[in-house]
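Because the structure is predicted, anything quoted here is derived from the model rather than measured. Numbering of residues begins at 1 and proceeds along the displayed sequence. Every heavy atom of this structure was used, including side-chain atoms; hydrogens, water molecules and symmetry mates were not.
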Amino acid sequence: MTREEIDANLLTLKRTRSHIINALDGTNRDSNVIRDIDNLVQYLNETNESEITQEYVDRKFRIIKGEINCSLDCFNNAMKALTK
């Protein structure tokens, strides 16, 4: 292989790795779907039921769904990065 071909493959792998890390929230502290799920579970378990509103839970579910969709986009970008 030529140096250019090797460098192109290395760049592809770097981009793929980056997309996967983003999908798994490895570097984005502001959008951590696992943390948000854990926080909602804790809230539901520890908050007085009369204080919990469906509106609040629905809003948190929308946020979690958005984060999951973002992760799916990152995985799709990782697959595209590997396509030659």
*Do NZ/NE/NH1/NH2 and the carboxylate oxygens of Arg3 and Asp7 come within less than 4.0 Å?*
yes
*Rounded to the nearest 0.5 Å, how far does OG1 of Thr53 lie from CZ of Arg59?*
8.5 Å
*Rounded to the nearest 0.5 Å, how far apart are CG of Asn77 and CG of Leu72?*
11.0 Å
*Among the clusters formed by ILVMFWY side chains lying less than 4.5 Å apart, do Ile68 and Val57 turn up in the same one?*
yes
*Kindly check if the number of other-residue, nucleotide or ligand heavy atoms within 6.0 Å of OH (Tyr43) is above 12?*
yes
*Intermediate values then yes/no, side chain to side chain contact (heavy atoms under 4.5 Å, CB included), Glu67 and Asp36*: CA-CA 9 Å; Glu67 291 172 338; Asp36 287 345; 2.7 Å; yes
_Distance check, rounded to the nearest 0.5 Å: Leu44 atom CG versus Glu49 atom CD?_
11.5 Å
_Is it the case that atom CD in Glu5 sees more than 12 heavy atoms from other parts of the structure closer than 6.0 Å?_
yes
_Distance (rounded to the nearest 0.5 Å) between Tyr56 OH and Lys60 NZ_ = 4.0 Å
_Hydrophobic cluster membership, with links at side-chain heavy-atom distances under 4.5 Å among I/L/V/M/F/W/Y: are Ile52 and Ile63 in one?_
no
_Any donor-acceptor N/O pair, Glu51 side chain to Asn48 backbone, under 3.5 Å_ = no
*With sequence neighbours excluded, tell me which residues meet side chain to side chain donor-acceptor pair (under 3.5 Å) with Asn45.*
none
_Full working for side chain to side chain contact (heavy atoms under 4.5 Å, CB included) between Asp38 and Gln42_ = CA-CA 6 Å; Asp38 290 345; Gln42 180 180 0; over 6 Å; no
_side chain to side chain contact (heavy atoms under 4.5 Å, CB included) for Leu10 and Ile6? Distances and angles first, verdict last._
CA-CA 6 Å; Leu10 288 170; Ile6 293 168; 4.0 Å; yes
